[in-house]
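Letters A, B, ... mirror the listed sequences (proteins, then strands); counts begin at 1.
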Number of protein chains: 2
Amino acid sequence: MFKYVGIMRVRTSRDLGAAIRQARRSLRLTQAGLAARAGVTRTWLSSVENGKPGAEVGMILRTLDVLDLAIDLQPAGPRHGGFDLDALLGVDDG
Amino acid sequence: MFKYVGIMRVRTSRDLGAAIRQARRSLRLTQAGLAARAGVTRTWLSSVENGKPGAEVGMILRTLDVLDLAIDLQPAGPRHGGFDLDALLGVDDG
DNA sequence: GCGGAATGTCAACGTTCAGCGGCATGCAAT
DNA sequence: ATTGCATGCCGCTGAACGTTGACATTCCGC
């Protein structure tokens, strides 16, 4: 359980909160523990994990950094969700 | 110029602002145009593109959505640049 | 150079945030 | 059942946000 978390696609603040929570748990950190390392308060982290849209992006970035979560922005070209494993492996996608 | 923007890795709010600006220009949108579509004010967008760390994440997400920029969070485990195909093909969640 | 558009920036205002302290709930282990 | 920890939530305060409207500056085409 909570062993490994793959690439997560985020669209809303709820997604973001869920992703942070997952990553935190996969590192076996408590909210208080993560908050301390990221320099935020536990109350704030709790609200963020629950999808607060008004949270400041700078604090979010610090938190993701502590969680070793890299943020990649990619133009929505021909891709649909996550990465295109088929194309990656050379599967003929018709 | 401003033809295509590849995947951008973001660590700070400055990176984020730069990425947004790049994507906006690649779509040949003005700040006013993008702001209108994203439901934000031009003043806010200007400050965000200049790296304001206190911006609300919800508005950022709306903006990225309009720009067709997908957000991927990926655990920075043994990875270096791209993703680890070996691990990808060998995942065993058990 | 000129003119217009795009962008940066400022002040005032109302709104909302983050921090703090505390308390209630839920869950697991004893 | 009781203890302990993790988490959610409340009120309060001070600080910072976002909006509006305006003005200054920069950029780009002509």
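Here D:dC17 presents its P atom at 16 Å from CG of B:L45, a figure rounded to the nearest Å. Here C:dG8 presents its P atom at 13 Å from CD1 of B:I20, a figure rounded to the nearest Å. The interatomic distance linking B:R25 (CZ) with C:dT7 (P) rounds to 7 Å, in whole Å. Note: CG (B:L29) to C1' (C:dA5) measures 15 Å, nearest angstrom. D:dC10 atom P lies 12 Å from atom CG of A:N50, rounded to whole Å. Atom CD in B:E56 sits roughly 6 Å away from atom P in C:dC17 (whole-Å rounding). Rounded to whole Å, the distance from CZ on B:R24 to C1' on D:dC27 is 13 Å. At whole-Å resolution of the value, CG in A:L34 and P in D:dT7 are 10 Å apart.
Between B:R62 and D:dG18 there is no side-chain N or O to OP1 or OP2 distance below 4.0 Å. Of the side-chain N and O atoms in B:K52, none sit less than 4.0 angstrom from OP1 or OP2 of D:dA16. At the phosphate of D:dG18, neither OP1 nor OP2 sits under 4.0 Å from any side-chain N or O atom of B:T41.
Along DNA chain D, the nucleotide nearest to A:T30 and the one nearest to B:T43 differ in position, and the one closer to the 5' end is contacted by A:T30. Residue whose closest nucleotide on DNA chain C sits further toward the 5' end, between B:A32 and A:V40: B:A32.
Nearest nucleotide to the A:Q31 side chain, out of C:dG19, D:dT19, D:dG8: D:dG8. For A:W44, whose side chain is taken as the heavy atoms from C-beta onward, the closest listed nucleotide among C:dG19, C:dT9, D:dG8 is C:dG19.
No hydrogens or angles were tested; on distance alone, nothing pairs the side chain of B:R42 with the base of D:dG18 as donor and acceptor under 3.5 Å.
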Q: Please lay out, stage by stage, how A:M8 and B:Q74 fare under the test side-chain contact (heavy atoms from CB on, under 4.5 Å).
A: CA-CA 6 Å; A:M8 296 174 280; B:Q74 80 177 165; over 6 Å; no

Q: Just do the side-chain contact (heavy atoms from CB on, under 4.5 Å) check on B:D65 and A:R11 with the steps written out, would you?
A: CA-CA 7 Å; B:D65 198 59; A:R11 281 186 74 81; 2.6 Å; yes

Q: Check the pair B:T12, B:L16 against side-chain contact (heavy atoms from CB on, under 4.5 Å), reporting the backbone distance first and the verdict last.
A: CA-CA 6 Å; B:T12 69; B:L16 182 62; over 6 Å; no

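Between the side chain of A:R24 and the backbone N or O of A:L29 there is at least one donor-acceptor pair closer than 3.5 Å. Checked by atom type and distance alone, the side chain of A:S13 never pairs as donor or acceptor with a backbone atom of B:G58 at under 3.5 Å.
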